[in-house]
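All remarks here apply to the structure that follows.
Letters go in sequence order (proteins before strands), and every chain restarts at 1. These numbers come from a predicted model, not from an experiment.
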Protein chains: 2
Amino acid sequence: MSFDLDQFLPYRLSVAAAQVSRRFAALYGAEAGLTVPEWRVLAHLHKSEPVSVRDITVRVNLEKSIVSRAASRLEQEGLVRKSGHESDRRLIALALTRKGRDLMRRLGPIAQDFQTQLTAELGPDAEGLQRALTRLIARDTPPK
Amino acid sequence: MSFDLDQFLPYRLSVAAAQVSRRFAALYGAEAGLTVPEWRVLAHLHKSEPVSVRDITVRVNLEKSIVSRAASRLEQEGLVRKSGHESDRRLIALALTRKGRDLMRRLGPIAQDFQTQLTAELGPDAEGLQRALTRLIARDTPPK
DNA sequence: ACATATTCGTTGCATAAGCAACGATTGTCA
DNA sequence: TGACAATCGTTGCTTATGCAACGAATATGT
């Protein structure tokens with residue numbers, strides 16, 4: 001009996017994740033053309049700022065070079081402001097600009113609605129999915 | 001109340017998928033240095049061959065250019081053979097070589113074992129996860 | 001205090017992904 | 001049959017990713 005890719009969990013997870021990401025990107029694409037890293041940085045800043053690049057890499061599971069470049073792009077678009085940390089001059093303090101906050105005020109509800117819709121689609125399996133994801137993420141070795 | 005990325009399903013799915021992929025790559029990395037597309041192509045060929053590039057793009061959720069390049073690399077490494085389709089000369093028939101079949105004979109059990117281990121880790125939530133993934137994948141708009 | 005190690009953010013470089021365009025072939029339909 | 005459209009696989013090009021290396025700043029240990 002031969003191995004069946006269609007039943008293989010890593011494959012299924014990857015396809016599902018890509019699929020869900022595409023759907024979500026289509027939703028916020030109307031409001032702003034963001035990459036996934038850019039979205040994650042904004043979302044994290046929205047709930048806690050100011051914060052360093054390093055903090056973000058740890059909290060949103062992105063490599064530091066990716067966060068660095070995403071932050072630069074966001075700064076260039078006027079969504080994020082970079083300033084020096086007071087006591088530790090190695091650190092950079094990232095914060096949302098007024099424009100960035102406005103954008104997140106529109107994107108937040110979109111994300112919430114999408115989450116609600118997904119949960120509805122999944123019905124009774126939504127909880128099991130969340131628990132399973134928690135377990136998988138828990139043993140995280142973050143990307144460098 | 002502010003949006004929380006840590007509870008956002010697209011984010012959680014993406015992190016979990018990346019995490020599981022890394023773990024699996026570490027396992028088969030000892031046997032062969034394959035990229036994800038290469039692994040998927042081999043896995044699909046293992047269960048049905050010969051098959052065209054187009055077939056693979058549809059069945060393993062990869063864009064055709066990615067499959068094309070993966071197939072070329074695999075051919076160069078002697079794992080896959082390309083030959084012309086008999087009646088339709090636009091098509092290419094991909095098949096495993098002896099070496100490719102041998103590799104998959106080693107990789108198949110590794111994948112199975114990993115699946116078993118994951119299922120064990122997830123315990124009672126494994127089923128809910130699989131059902132949820134099935135639902136998410138079902139409404140698939142494949143990548144091009 | 002001083003040499004050394006470590007951390008932070010950026011950048012360079014090699015590889016991968018995503019999309020459009022292309023030549024070659026086959027399908028469609030008037 | 002013959003023009004036109006559609007499909008297949010490859011390739012070019014732009015952008016994204018992942019890793020290593022770097023300069024600057026701070027921590028550490030003797």
Rounded off to whole Å, could you give me the [atom1]-to-[atom2] distance for the [X] and [N] pair?
| X | N | atom1 | atom2 | answer |
| --- | --- | --- | --- | --- |
| L62(A) | dA16(D) | CG | C1' | 12 Å |
| I66(B) | dG12(D) | CD1 | P | 17 Å |
| H85(B) | dT7(D) | NE2 | P | 17 Å |
| R22(A) | dA17(C) | CZ | P | 14 Å |
| E38(B) | dA17(C) | CD | P | 9 Å |
| N61(B) | dA17(C) | CG | P | 14 Å |
| E63(B) | dT15(D) | CD | C1' | 14 Å |
| W39(A) | dA16(D) | CH2 | P | 18 Å |

Open item on the list: D4(B) and side chain to side chain donor-acceptor pair (under 3.5 Å): which single residue from H46(A), H44(A), K47(A) fits?
Closed with: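 The single option meeting the side chain to side chain donor-acceptor pair (under 3.5 Å) with D4(B) is K47(A).
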
- [ ] Tell me, please, which residues at least two apart from S52(A) pass side-chain hydrogen bond (donor to acceptor under 3.5 Å, both in side chains).
- [x]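 With sequence neighbours excluded, S52(A) shows a side-chain hydrogen bond (donor to acceptor under 3.5 Å, both in side chains) to D55(A), given in chain and number order.
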
Task: Counterpart residues, side-chain hydrogen bond (donor to acceptor under 3.5 Å, both in side chains), relative to S21(B) (two or more places apart) - done: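 Checked S21(B) against side-chain hydrogen bond (donor to acceptor under 3.5 Å, both in side chains); zero matches.
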
Do any N or O atoms of the protein come closer than 3.5 Å to N or O atoms of nucleotides 6-10 of chain C, and which pairs are they?
from, atom 1, to, atom 2, distance (Å)
dT7(C), O2, R90(A), NH1, 3.1
dC8(C), OP2, R54(A), NE, 3.2
dG9(C), OP1, V53(A), N, 3.3
dG9(C), OP1, I92(A), N, 3.1
dG9(C), OP2, R54(A), N, 2.5
dG9(C), N7, K64(A), NZ, 3.2
dG9(C), O6, K64(A), NZ, 3.1
dT10(C), OP1, K82(A), NZ, 2.9
dT10(C), OP2, S68(A), OG, 2.5
dT10(C), O5', S68(A), OG, 3.3

Task: Counterpart residues, salt bridge (charged side-chain N to carboxylate O under 4.0 Å, His left out), relative to E77(B) (two or more places apart) - done: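 None.
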
- [ ] Output all residues satisfying salt bridge (charged side-chain N to carboxylate O under 4.0 Å, His left out) with D113(B), sequence neighbours left out; order by chain, then residue number.
- [x]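 None.
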
Open item on the list: Taking the nucleotide of DNA chain D with the nearest heavy atom to each, does S87(A) or P37(A) sit closer to the 5' end?
Closed with: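 Per heavy-atom nearest nucleotide, the more 5' residue is P37(A).
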
- [ ] Using the closest heavy atom to pick a nucleotide of DNA chain D for each, name whichever of R89(A) or T35(A) lands nearer the 5' end.
- [x]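 That would be T35(A).
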
TODO: Decide if the gap between the ring center of F3(A) and the ring center of F8(A) is smaller than 6.0 angstrom.
DONE: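 Yes - the distance between ring centres of F3(A) and F8(A) falls below the 6.0 Å cut-off.
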
- [ ] Determine the interplanar angle of the F24(A) and F114(A) rings, folded into 0 to 90°, and report it as parallel if under 30°, tilted if 30 to 60°, perpendicular if over 60°.
- [x]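 Taking F114(A) first and then F24(A), their aromatic rings lie parallel (interplane angle under 30°).
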
Task: Between the first and last five pairs of the helix from dA1(C)-dT30(D) to dA30(C)-dT1(D), the angle of the axes, rounded to 10 degrees - done: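 If I round to tens, the end axes sit 30° apart.
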
Task: R69(A) side chain to T35(A) side chain, donor-acceptor N/O pair below 3.5 angstrom - done: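 T35(A) and R69(A) do not have a side-chain donor-acceptor pair below 3.5 Å.
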
Open item on the list: Using a strict threshold of under 4.0 Å (side-chain N to carboxylate O), is an ion pair present between K99(A) and D102(A)?
Closed with: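 The answer is no: the pair does not qualify as a salt bridge.
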
